[in-house]
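Note that the coordinates shown come from a computational prediction; the quantities given were computed from them, not determined experimentally. Lettering follows sequence order; numbering is per chain, from 1.
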Amino acid sequence: MKTATPNTLLARGLIILLMVVTLLPFLSMLSAALAPQGTYPNGLQWPEDPQWGNFIRAFEVAKMDQLLLSSVLIVLGVVPISVAIATMAGYGLAKLTSAKYKWVYLVFVFGLTLPFEAVITPLYYEVRALGLLNTRFAIILPLIGLYMPFGVYWMRAHFLNVPQDLTEAAQLDGATRWKEFLLVQVPLARPAIMSLSILLFLWTWNQFLLPVVLVQDPMQRTMAGALGAFQGQWGTDIPLLCAGSLLILAPTILLFLIFQRQFVAALMQGAVKG
Amino acid sequence: MSENTVSAPDVSQTALRRPSSSGRRKARLIAWAFVAPAAIAYAAFVLVPLCMSVYYSFLRWDGIGKARFHGLTNYITVLTDSDLLQIIGNAFQLVIYFSLIPVALGLAVASAIRSHMAGRFGTMTRTVLFLPQVIPLVAAGIAWSWMFASSGLVNQTLKAIGLSDWARGWLGDFVWALPAVGMIGAWVQLGLCTMLLVTGITKIDPSLYEAARLDGARAWHEFRYITLPGLRQEIGVCITVTVIAALASFDIVYISTQGGPGITTTVPGLEIYRLAFAHRQVGLASALAIVLMLLVLISIAPVQWLTRDKK
Amino acid sequence: MAGLTLRSVIKNYGEVPVIKGVDLDIAHGEFVVFVGPSGCGKSTLLRMIAGLEDITGGEVKIGDRVVNDVEPRDRGVAMVFQSYALYPHMTVYDNVGFGLKLAGTPKDVRDKKIRDAAKVLQMEHLLDRRPAQLSGGQRQRVAIGRAIVRQPDVFLFDEPLSNLDAALRVDMRMELARLHHDLNATMIYVTHDQVEAMTLADKIVVLNGGVVQQVGSPLDLYNTPANLFVAGFIGSPRMNLISGSVAEVTPERLRIVSGPSSFWLEARGHGLAPGAEITLGIRPHALSVDPSGTLAGKVQLVEQLGNETVIRVLLAVGTEVTAVLAGQGVHAVGGPIALGFDAAAVHLFGADGNRIALSGD
Ligand SMILES: Nc1ncnc2c1ncn2[C@@H]1O[C@H](COP(=O)(O)OP(=O)(O)OP(=O)(O)O)[C@@H](O)[C@H]1O
Ligand SMILES: [Mg+2]
């Protein structure tokens, strides 16, 4: 905002208003989280005697350590595999297939707008048939499949922009397709792969429907799923609920603050392309 | 210019030597090898379940016992049952809040700024406005349940400015629960839409505005004839993302109202879950799921068509 | 050590023929240049040799081996692209060594080869840089380095210098000539640039519309263009083409008329009869101001270049011709002028566009 037109003040005012509105719910939760246990606090009121201990209690009650572990395991199960196979397919569809096979891509793209609710019922029976109900695999495997439309779409868009010359140079240099992919294409695709990883991480970490339907035990769920269970159990103890929710949010928010630039870029591009 | 040749033989007499089919087959195999893992995952956990959804939707089945073929009955129920129609209607009402508010506010901010948000202020703005995008919707639901609670911040504020009559348990109110849920969605989408539109407006050539001003354009004209067309793509993106979020909403409603009071805030996503797993009406749930999928497609298609190709 | 043979090579894109049957023999160590107008199929032909395009029909042989179905990597060819096509994420060292690494060459051997190539191309100081940190000419060197470390049987160049500025182009051209001499390798080179073609080539292949028009040494093409296309394409400024007809034929001579102009040519064994329509070709450098010359017209344009003067003259028949005159003569625009020429420098083309030999051999 270099030029100071009269509008800049208005704009600044508007933006600050938006920021306040965005932050208020968090502040309100924080103030409630610090209220004495068992009380029914007010919306936004700094307690006279902040009970920071509520966070420790919430940590224990929510079994945060186990939750974190569970979420990390799920993310580790979903993101690397999804990114790897989406990258391969994106490359295959962008570089190895002729226009005749565009339909394969279109089938993938069809899934872009598919609400997860549309397949959740059969997924339940499918996962049950596989004997995976109530395990982390009940979340991991379906998510990999559900991420393919976006992942393939995203990576293909990237590979379409890589000059064909590089592929040809690699071929003449003696690279097989696989070597070319690993040694030339993947290193060049690093930014796209990075963004995709961030998005899939967020979506997995925040996934709610699948854990609710497919996994009963909160300790086998994602953070978001566990938060749902936590609310169900402690919904009436406002200070504890707020403290627990903030704790459960903390890891993502921390990551977000550290990698703010990458997250914002990924989310914006993700929206534009998705 | 002569097409005559010195050295070329008559083409028609040259036997065409087709490139070996084995070479081509090999290239095709390699291509498939790259695509196959993704295709298998996609087929196993999206395409197959989707087909099963379609199949179930023609059944009367409680998920355990024997299924009976039910024809189109489930679809007829979805499209005639007043409760289900209200539920679908709720989803479309949510669209107003999820889409309209963020896009309108985003446009206002964008046309006021009309330049890059650089420097520390810009970074801070981005960070704050994106917070709702990185937290789980469940958390947004919990936070706002607390905001809308009877002793929550919303009522506190109303009382503070002398509107005590307005204070109420928003999420338990038959009239106000749905708008309240809508506001949660608006809060989540606001930052993303604003940032997309602000970024979009910086790509519009500033000289267009200068030219318009020389032509005597008023602020409204600038907005109508330069900003709006220039932001067509970004607006399309915002609407697409938010409409999908509204129609397929589940997390927020599940956490904040459980669909109540009555069915005033029940949305298709929640109803599918209830029908399939609580009421054991798998067939009806699946029919609703297919209808939901089609509704999303039908709603998105015109937006995409209007905002992408007319360039 | 390998030459290259193309036999009735055809390429169709779908139904559209792009290469319409090309025959070509290239001996080992030859420097062959493909020239032709844009879209005539030069790149396509080169890429077919490289294995980057399917061969629709015919046969490509490298050495004694038919390579139609051989993967590019197994053909023993290396290619330098117009866009350089360097791997952006690798250093110059890794770019040059990539092919060797893929081939499993031991590290020390590889290192030596990379450094040797760098020395030949005078880019030892660049080895640690990435392509983005190089100038156009330096990138070109790296691209060439990448080709030479692999010691291919055949080097392929697709307009390698067209992205460079004029001065650099001249330098690189000389460097390529030196490289060809030092490596004693077969090189095939595609270019738009006549000067590149004339200076580098042992053999020029002129293509038009997917058909080879003429193959020969640069001077062959200049001195005896096989048809109107080659005549117009090789040489700068373009050869003047003037239509005319045969007026008289004697055993030793031929009288040609073109509008009011008329002159005799020494000619034997050409098979022309009086009345035959022909096209005369006279290079601009072969014309001179000659008050008794047969080509009379009006000066349209004068360009003084210092060492020579280029004038354009509108002949009475309505054809414009260009003459390049030595020195700094003074010519009034719009004034009358008569041009003469040495009859030995005249090229004759028949109605079908092909060259008519005048010496009977
Ligand atoms: N992939 C393709 N599909 C269809 N036609 C093509 C394809 N590639 C090239 N062509 C056509 O083949 C013809 C020859 O192309 P090519 O690139 O070989 O020309 P060129 O002689 O190299 O031209 P330039 O000097 O402009 O590089 C052109 O008419 C072009 O339109
Ligand atoms: Mg070309």
Where does [X] contact chain A at under 4.5 Å (heavy atoms): side chain, backbone, both or neither?
X       : result
S57(B)  : neither
L288(B) : neither
V46(B)  : both
F250(B) : both
I255(B) : both
L105(B) : side chain
Y273(B) : side chain
I135(B) : both
A39(B)  : both
T157(B) : neither

Please state whether the side chain, the backbone, both or neither of [X] comes within less than 4.5 Å of a heavy atom of chain B.
X       : result
V127(A) : neither
L18(A)  : both
F116(A) : neither
V21(A)  : both
W178(A) : both
L93(A)  : both
I253(A) : side chain
R156(A) : neither
M148(A) : side chain
I248(A) : neither
S28(A)  : both
L146(A) : both
T252(A) : side chain
Y147(A) : neither

Looking just at side-chain N and O atoms, do [X] and [Y] make a donor-acceptor pair shorter than 3.5 Å?
X       : Y       : answer
W144(B) : S256(B) : no
E180(A) : Q185(A) : yes
T240(B) : Q304(B) : yes
S286(B) : Y55(B)  : no

Keeping to residues at least two apart or across chains, list the salt bridge (charged side-chain N to carboxylate O under 4.0 Å, His left out) pairs with something in residues 237-257 of chain A.
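Salt bridge (charged side-chain N to carboxylate O under 4.0 Å, His left out) check on residues 237-257 of chain A returns R57(A)-D237(A).
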
Can you pull out every salt bridge (charged side-chain N to carboxylate O under 4.0 Å, His left out) where at least one residue sits in residues 238-253 of chain B? Sequence neighbours excluded, please.
none

Could you tell me how the ring of W203(A) sits relative to the ring of F150(A): parallel (under 30°), tilted (30 to 60°) or perpendicular (over 60°)?
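It falls in the perpendicular class, over 60°.
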
Which word best sums up how the rings of Y105(A) and Y153(A) line up, parallel for under 30°, tilted for 30 to 60°, or perpendicular for over 60°?
parallel

Taking Q133(B) for the side chain and G191(B) for the main chain, is one N or O donor matched with an acceptor at less than 3.5 Å?
no

Going through the distances and angles, do F277(B) and Y124(A) end up as a ring pair (Phe, Tyr, Trp, His ring centres under 6.0 Å)?
CA-CA 10 Å; F277(B) 301 108; Y124(A) 173 82; 4.9 Å; yes

Would you say that more than 12 heavy atoms from the other residues, nucleotides or ligands in this model lie under 6.0 Å from the CZ of F137(A), or not?
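Counting other residues, nucleotides and ligands, CZ of F137(A) stays at 12 neighbours or fewer.
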
Who wins among [options] for the most heavy-atom pairs under 4.5 Å with chain B?
options                          : answer
V212(A), L141(A), L114(A)        : L141(A)
Q207(A), M19(A), M29(A)          : M19(A)
F108(A), F26(A), F263(A), Y91(A) : F108(A)

Assess R12(A) against F121(B): is NZ or CZ under 6.0 Å from the centre of the six-membered ring, and within 45 degrees of the ring's axis?
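So R12(A) does make the cation-pi contact.
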
